[in-house]
Amino acid sequence: MTQAQIEVPRWSAKEFEQQVLESGLRVAVFDCDGTLWSGDSGYGFMVWSIEHGLVSRSTSDWIDSRHRAYREGNVSELDICGEMVQIYAGLREQELRAAAARYVSEHVRGRVFAEMAGLVEQLRSRGVELWAVSSTNKWVVAEGVRPFGIPEERVLAAEVKVAGGHITGELLDVPTDGGKAAALTRVGLSRPDAVFGNSIHDLAMLEVAARPFLVNPSPALLEAAARHGWSYFRPAAADGIDAAVDGE
């Protein structure tokens, strides 16, 4: 057990739910990978789409080398998240939407944290405005949060311009680190009632929230939580599993 874990109080599922539901939230913002479900769906979809022939061999070799450099610390989080969307340039967006739906159905639905699914449903039934913010591509995120009742227009994720139904390489946004807080500010949520996140890349938007809720925090986020005096919740399915995804 690390020093940060010793210093950071951990809520039980009941305590966590009580803390959230008694906060009188009007707007709640959720990170996705590691927060609503386990694993890294951005990287997972990239690998899956390469295996299913959605990108050329030369492009797949290039992004593989870039991702290895990222894991070695030689490519930034911002750059790799953008490039993992740009590799689909030239494809029809409808094709990517269909691929994302299949991938999420096969590889994400079964990894949703039951406690988070139940909590979000309670918030939705109370009329809370729900948002998702992620550095994963928007096609996967929008599909992943659909069952949570989060509409696509409230999904802020890695996105490129689409022209004439075809994907381009022109980046529109890559919300990660400070970019997550900036994306929220652009839609008028500079001080959301609550933010739920799991990684150090969520720290900036957790810091601007009236109520920051740490779910399944990575080691780096636990260290930040100790400095801020925050508590955290670990879903039962995540106990004993490394909470971080690539880059965290």
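Between Glu129 and Arg154 there is a side-chain heavy-atom pair separated by less than 4.5 Å. Using a 4.5 Å heavy-atom cutoff, the side chains of Gln19 and Phe233 are not in contact. Put simply, the side chain of Asn198 does not reach to within 4.5 Å of the side chain of Leu214, judged on heavy atoms. Using a 4.5 Å heavy-atom threshold, the side chains of Ile167 and Arg92 count as separate. Using a 4.5 Å heavy-atom cutoff, the side chains of Val174 and Val85 are not in contact. Proximity of Val108 to Tyr103: side-chain heavy atoms (C-beta onward) are separated by under 4.5 Å at one or more points. Using a 4.5 Å heavy-atom threshold, the side chains of Val160 and Leu172 count as separate. Phe113 has its side chain out of reach of Leu36: every pair of non-hydrogen atoms, C-beta onward, lies at least 4.5 Å apart.
In this structure, Arg68 does not pair ionically with Glu72, as no charged nitrogen and carboxylate oxygen lie closer than 4.0 Å. A salt bridge between Asp173 and Arg186 is present, with a side-chain N of the basic residue lying under 4.0 Å from a carboxylate O of the acidic one. We find that Glu143 and Arg146 are joined by a salt bridge, their nearest charged nitrogen and carboxylate oxygen being less than 4.0 Å apart. A salt bridge is absent between Glu115 and Lys14; no separation between the charged side-chain nitrogens and carboxylate oxygens falls under 4.0 Å.
Rounded to the nearest 0.5 angstrom, Arg66 CZ and Arg71 CZ are separated by 13.0 Å. With rounding to the nearest 0.5 angstrom, the CG atom of Leu156 is 9.5 Å from the CE atom of Met205. We find the OG-CD1 distance between Ser49 and Ile87 to be 5.0 Å, quoted to the nearest 0.5 Å. Here the OG atom belonging to Ser41 is positioned 7.5 Å from the CG atom belonging to Asn137, to the nearest 0.5 angstrom. Of the inter-residue distances, the one linking Leu171 atom CG with Asp79 atom CG reads 9.5 Å to the nearest 0.5 angstrom. From Arg109, atom CZ reaches atom CH2 of Trp37 across 8.0 Å, with rounding to the nearest 0.5 Å.
Contact record, Ala204 with Asp177: CB-O, 3.6 Å, taken as the closest heavy-atom pair. A pairwise comparison of heavy atoms in Ala28 and Phe30 identifies CB-CE1, 3.7 Å as the closest pair. Of all heavy-atom pairs spanning Gly169 and Ala89, the tightest one is N-CB, 3.8 Å. Considering all non-hydrogen atoms of both residues, Gly39 and Asp33 come closest at O-CB, 3.4 Å. Contact between Arg211 and Ser23 at its shortest, heavy atoms only, is NH1-OG, 3.0 Å. Nearest heavy atoms, Cys32 versus Ser134: SG-CB, 4.3 Å.
Glu152 contributes no side-chain N or O that, together with a main-chain N or O of Ala142, makes up a donor-acceptor pair within less than 3.5 Å. The main-chain N or O of Gly34 is never found under 3.5 Å from a side-chain atom of Ser38 such that the two would form a donor-acceptor pair. One N or O on the side chain of Arg111 and one on the backbone of His107 form a donor-acceptor pair closer than 3.5 Å. For Asn216 (side chain) and Arg234 (main-chain N/O), no donor-acceptor pair under 3.5 Å exists by modelled atom type. Although no hydrogens or angles enter the test, the distance criterion places a donor-acceptor pair under 3.5 Å between the side chain of Thr185 and the main chain of Ala181. His67 contributes no side-chain N or O that, together with a main-chain N or O of Ile63, makes up a donor-acceptor pair within less than 3.5 Å. When atom types are taken as modelled, the side chain of Ser12 and the backbone of Glu15 share a donor-acceptor pair closer than 3.5 angstrom. Side-chain atoms of His201 do not come within 3.5 Å of backbone N or O of Ser199 as any donor-acceptor pair.
Residue-environment remark: CZ (Arg10) exceeds the threshold of 12 foreign heavy atoms within 6.0 Å.
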Show your working on side-chain contact (heavy atoms from CB on, under 4.5 Å) between Val27 and Trp131 and close with a plain yes or no. CA-CA 8 Å; Val27 177; Trp131 289 76; 4.0 Å; yes
Check against side-chain contact (heavy atoms from CB on, under 4.5 Å), Phe196 and Met116: CA-CA 10 Å; Phe196 298 75; Met116 295 304 294; 4.2 Å; yes
Before giving the answer on side-chain contact (heavy atoms from CB on, under 4.5 Å), spell out for Leu21 and Leu123 the whole-Å C-alpha distance, their side-chain angles and the decisive distance to 0.1 Å. CA-CA 7 Å; Leu21 296 180; Leu123 292 175; 3.9 Å; yes
Given Glu77 and Tyr70, is the side-chain hydrogen bond (donor to acceptor under 3.5 Å, both in side chains) satisfied, shown in steps? CA-CA 7 Å; Glu77 175 81 7; Tyr70 162 69; 2.3 Å; yes
Run Phe16 and Phe213 through side-chain contact (heavy atoms from CB on, under 4.5 Å) and show every step you take. CA-CA 9 Å; Phe16 173 62; Phe213 290 103; 4.0 Å; yes
Chi angles and distances behind the side-chain hydrogen bond (donor to acceptor under 3.5 Å, both in side chains) call for Glu170, Gln86: CA-CA 7 Å; Glu170 181 182 339; Gln86 291 173 310; over 6 Å; no
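Ring pair Tyr88/Phe45 is tilted by interplanar angle, where 30° to 60° counts as tilted. Taking the six-membered ring where tryptophan is involved, the planes of His228 and Trp230 are essentially parallel, since the angle between them stays under 30° and well short of 60°.
For Lys180, the side-chain hydrogen bond (donor to acceptor under 3.5 Å, both in side chains) partners are Asp31, Asp202, not counting sequence neighbours.
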